[in-house]
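Naming convention: chains lettered A, B, ... in sequence-line order (proteins, then strands); numbering from 1 in each chain. It should be emphasised that the depicted structure is a prediction, and the values quoted were computed from it without experimental measurement.
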Amino acid sequence: DGGITQSPKYLFRKEGQNVTLSCEQNLNHDAMYWYRQDPGQGLRLIYYSQIVNDFQKGDIAEGYSVSREKKESFPLTVTSAQKNPTAFYLCASRALQGSKGDNQPQHFGDGTRLSIL
Amino acid sequence: AQKVTQAQTEISVVEKEDVTLDCVYETRDTTYYLFWYKQPPSGELVFLIRRNSFDEQNEISGRYSWNFQKSTSSFNFTITASQVVDSAVYFCALSGGVISSGSARQLTFGSGTQLTVLP
């Protein structure tokens, strides 16, 4: 089935450690996104990418890094510079243009819950 | 700047009641898109509906209906005859034109409404 796969489902980070969250999609979507969700809040955009080897900062990029070496993959690294990384992380992808040129909806993965040890 | 406001933080209803979730948005774009997503306890966001700013017709899909009113900048979501399985967090989101949202059409999300349907 086509979809977005995020792994792991749960992740724990130690002080001073970098961790990488995986996001893979087989929907042939060009654009991919990473969001952070804190309890009782909406989603905030961390990074996004429209094409391989190119990505842009979102609203809260500090302490995070990404890469887009393949169309299907958009991993997110939470670096030690991110002082409050405990959150739920959601990856999304989107076709850049539909049959009518409409703004296609973003489709989301199941998320990764990151906690601090 | 764009903004989406979901003033209702939590709503509880008894099964079979109708419930309306409010969404008010702000944008300077003349062309924009509005979305509703459902987030069940498992965490993933499920796409429910997309509406563009030129189409003000209300839409009904089964027990779900949406009321889009540009005059009041609102895009409200009604669930008729609610069921326990409707319990979730519901997000309203806005994607503006290229200038405000960029060519990747980033979404601006509201803070969500936690809906609890009691048996």
Heavy-atom closest contact ([X] atom, [Y] atom, distance):
X	Y	result
Glu44(B)	Gly109(A)	CB-O, 3.5 Å
Ser42(B)	Lys9(A)	O-NZ, 4.3 Å
Tyr37(B)	Gln106(A)	OH-O, 2.7 Å

Spacing of CD belonging to Gln104(A) relative to CZ belonging to Phe47(B), to within rounding of 0.5 Å = 8.5 Å

request  = Counting only heavy atoms closer than 4.5 Å, note whether Gln39(B) contacts chain A via side chain, backbone, both or neither.
outcome  = side chain

query = Is there a path from Tyr64(A) to Phe88(A) through hydrophobic residues (I, L, V, M, F, W, Y) whose side chains come within less than 4.5 Å of each other?
reply = no

query = Can you hop from Tyr33(A) to Leu114(A) via hydrophobic side chains spaced under 4.5 Å?
reply = no

request  = For the residue pair Leu45(B) and Leu43(A), establish whether any side-chain heavy-atom pair is separated by less than 4.5 Å.
outcome  = yes

ask   = Which one, Gln41(A), His107(A), Gln6(A), Gln56(A), leads in non-hydrogen pairs under 4.5 Å with chain B?
value = Gln41(A)

Give a yes or no on whether [X] atom [atom1] has more than 12 heavy-atom contacts from other residues, nucleotides or ligands under 6.0 Å away.
X	atom1	value
Leu117(A)	CG	yes
Leu118(B)	CG	yes
Gln83(B)	CD	yes
Lys14(A)	NZ	no
Arg63(B)	CZ	yes

message = Using heavy-atom distances under 4.5 Å, tell me whether Leu90(A) contacts chain B through its side chain, its backbone, both, or neither.
response = side chain

ask   = Between Gln37(A) and chain B, which part of the residue has a heavy atom less than 4.5 Å away: side chain, backbone, both or neither?
value = side chain

